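Written below as structure tokens is the structure these notes are about.
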Amino acid sequence: MSVFSSKYKNIIALLFLAAALLPGVAFADMRIEEEVGHFLVKEFDPESIVVQATDGGSFLYAKASGIIIEGVRIESISMSAMMKEPPKNVEGKDPYKLADLIYMSWGEVIIKEKDIADYCRQETEDIKGFTDLKCDFTPEGIHISGVYTAKFLFTFKIRLSAITKVAFDNTGLYLTNAKFFINGVKQPDVMTDGLLKEINPLIKREKIPFPVRITKIYTTNDRIVLTGSPKKLTTDNVWKYTKP
């Protein structure tokens, strides 16, 4: 009888161990904010994230910092949402199809000047002769400049610059109202429009992991802010993560 009891205890212990290791069972014991948080960390590898949920998951708030989208570091993306149904058992689902669970949402995207400058610098490293790239944010817009050096019998240094603004619509984040200069001389709009077609959109709408509703766009001396004024929830159901 004692042998049977020992085997019985071992079987029970094994079942508990298996249950603890199965992702489905592990997520079943998680609160909604924790499950959504784990999902977002796995899918988008943010530097940090905070997720809030009301009891039952009818309302959610999430803010992720340090996400890389199409090579651009995004300072933060945040969203508050009213859900059609609670986002349960989200593991393994397509992150972009989760928007179907959202009834209404408000979003905010913040991109810092330093991150745009780093991106532009990386993109132009392979362009032979292009140097001295600068990116300057102002409340009036974005000023980008650089020097292109060409050698043909003589060495020519051409200073290129552009002044532009940022817009956001169903296509995504893009540059608009641009003026392009060569050695201080404004170039024809046809040339500028051709360049914008090659560049835009900076970030496609479908590449932004959260469905965002934007009502205001503005630029400061160090960042671009696209906002629909998402609000944090007044709830104690909070899950936080910081990349080790």
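We number each residue from 1, following the sequence as shown. FYI, side chains are in, hydrogens and waters are out, and symmetry mates aren't considered; it's all heavy atoms of this structure. Remember, predicted model here, so these are calculated numbers, not experimental data.
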Considering residues at least two apart in sequence or located in another chain, which fulfil the side-chain hydrogen bond (donor to acceptor under 3.5 Å, both in side chains) criterion with Glu113?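 Expected list: none.
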Shortest non-hydrogen contact from [X] to [Y]?
{"X": "Thr192", "Y": "Ala178", "value": "CG2-O, 3.5 Å"}
{"X": "Tyr174", "Y": "Phe168", "value": "CE2-N, 4.0 Å"}
{"X": "Ile69", "Y": "Ile77", "value": "CD1-CD1, 3.8 Å"}
{"X": "Ala117", "Y": "Cys135", "value": "CB-CB, 3.9 Å"}
{"X": "Ala53", "Y": "Ile32", "value": "CB-CG2, 4.2 Å"}

Other ILVMFWY residues reachable from Phe181 by side-chain steps of under 4.5 Å: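 Ile163, all in the cluster of Phe181.
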Which other residues belong to the hydrophobic cluster containing Tyr218, where Ile, Leu, Val, Met, Phe, Trp and Tyr are joined when side-chain heavy atoms lie under 4.5 Å apart, directly or via other members?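 Under the 4.5 Å side-chain rule, Tyr218 groups with Ile110, Val225.
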Let me see the working for Ile49 and Trp239 under side-chain contact (heavy atoms from CB on, under 4.5 Å), right down to the final yes or no. CA-CA 8 Å; Ile49 192 168; Trp239 186 84; 3.7 Å; yes
What salt bridge (Lys or Arg N to Asp or Glu O under 4.0 Å) pairs are there with at least one residue in residues 49-60, not counting sequence neighbours?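 Only Arg31-Asp55 qualify under salt bridge (Lys or Arg N to Asp or Glu O under 4.0 Å).
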Can you list every pair that meets salt bridge (Lys or Arg N to Asp or Glu O under 4.0 Å) and has a residue in residues 169-197, with sequence neighbours left out?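 The answer is Lys186-Asp189.
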Does the side chain of Ile142 reach to within under 4.5 Å of the side chain of Ile224, using non-hydrogen atoms?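 The answer is yes; the side chains approach within 4.5 Å.
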What pairs with Lys243 under salt bridge (charged side-chain N to carboxylate O under 4.0 Å, His left out), at least two apart in sequence or on another chain?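 Here the qualifying residues are Asp45.
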Any chance you could measure Asn237, atom CG, to Glu33, atom CD, to the nearest 0.5 Å?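 Result: 4.5 Å between the selected atoms.
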Within this structure, what is the CD1-OG1 distance for the pair Ile158 and Thr149, rounded to the nearest 0.5 Å?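 Going from CD1 on Ile158 over to OG1 on Thr149, the span is 8.5 Å.
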Criterion side-chain contact (heavy atoms from CB on, under 4.5 Å) on Thr164 and Phe180, from CA distance to verdict: CA-CA 9 Å; Thr164 184; Phe180 183 59; over 6 Å; no
